Asker: 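Take a look at the following structure, please.
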Amino acid sequence: MKQFISVKDVSNVNDLVHKALAYKQQPYSDKTLGANMRIGLLFLNPSLRTRLSTQIAAQNLGMEPIVFNVDKEGWALEFNEQAIMNGTTVEHIKDAAPVLGHYFDILCIRTFPGLVNSSEDYSEKIIHQFIKYTGIPVVSLESATLHPLQSLTDIITITETIATQKILKKPKVVLTWAPHIKSIPQCVANSFSEWVNAWGEADFVITHPEGYELDEKFTQGATITHNQNDALMGADFVYVKNWSAYHDYGKVLSTDASWMLNNEKLAITHQAKVMHCLPVRRNVELSSEVLDSAYSIVTKQASNRVWAAQAVLSEILKGLK
Ligand code: CP
């Protein structure tokens, strides 16, 4: 594997999932694979799970991780090719990225969308400039439109739960929009849709209020409905997530509390396991009664972030040998 930006960088989703589950059983089975190699984790935005799980994964493979909070500690970066830098930015990506390419063997980057200009965000300008100018493998820790390490984790968690719960039929997986007070990126929803479709082993339904249609290039293959109750009927997994509007870009069009998953709605499902990438706003996005119930697998999901990252880093390290 040369980079990890989306599911398109993965030749076989199931192979990667099973590699991750094998690391879960034996975390140190490749403890020298990354010996004498350094991995940079650059954050242009906050993180708890991605930051810590990727560091642990790198250490399990013998790598030295170095975290750099660019947004708080670094020079303000410029990404416009022909910029006349007489404003607030101090260092051009063309100058900074090659330096990082010399310090590290693998570079991981988290960046968020501005949620103002959809073509700028959906061009993935920032992560593509890091790829272009570092000259080393780049791993997305979440970009403007996608969160592939989260989505790999989600497929790992569904696969693991299918085995432990002995679900014999093709599972029904529902992605449901949930209310939120802020404008939230579409990354997790886009990425989950893209990965479930590429995986191809679920009946996949997406439900959201009118106006919250995602970019079709990610959702093609899914059944899409505005009727949440219809969607939830018989579901084995319910993935709860807010996202802001894609077409009316970045707008919060609804905060309708009736879309929040509670016990009454969960009763429509087939005793569904409930997923969320975290962080979650309790009793806004997802009810405490569900989060605190045995149906919630959000902690297992978050803990699986380590094994997803370890499987990806291991594939990239093997490509460097
Ligand atoms: N799910 C996720 O990416 O969590 P963090 O933002 O805490 O990394």
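Numbers for residues simply follow the sequence, beginning at 1. Whatever order the structure lists them in is the order used to number ligands and atoms, beginning at 1. As the structure is a prediction and not an experimental result, all values here were calculated from the model.
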Asker: Using heavy atoms and a cut-off under 4.0 Å, could you grab the residues that are in contact with ligand 1, chain by chain, numbers ascending?
Answerer: Ser47, Leu48, Arg49, Thr50, Arg110, His147, Gln150, Cys277, Leu278, Arg305
Asker: If the condition is side-chain contact (heavy atoms from CB on, under 4.5 Å), which residues does Asn229 pass it with, not counting sequence neighbours?
Answerer: Asn227, Lys265, Ile268
Asker: Verify whether the ring centers belonging to Tyr23 and Trp307 lie closer than 6.0 Å.
Answerer: no
Asker: Are Glu78 and Lys94 close enough for a salt bridge, meaning some N to O gap below 4.0 Å?
Answerer: no
Asker: Counting distance only, does the side-chain N/O of Asn304 pair as donor-acceptor with the main-chain N or O of Gln301 below 3.5 Å?
Answerer: no
Asker: Tell me, which pairs form a ring pair (Phe, Tyr, Trp, His ring centres under 6.0 Å) where one or both residues lie in residues 72-121, sequence neighbours left out?
Answerer: none
Asker: Only counting residues at least two apart or in another chain, list the ones meeting ring-ring contact (aromatic ring centres under 6.0 Å, His included) with Phe130.
Answerer: none
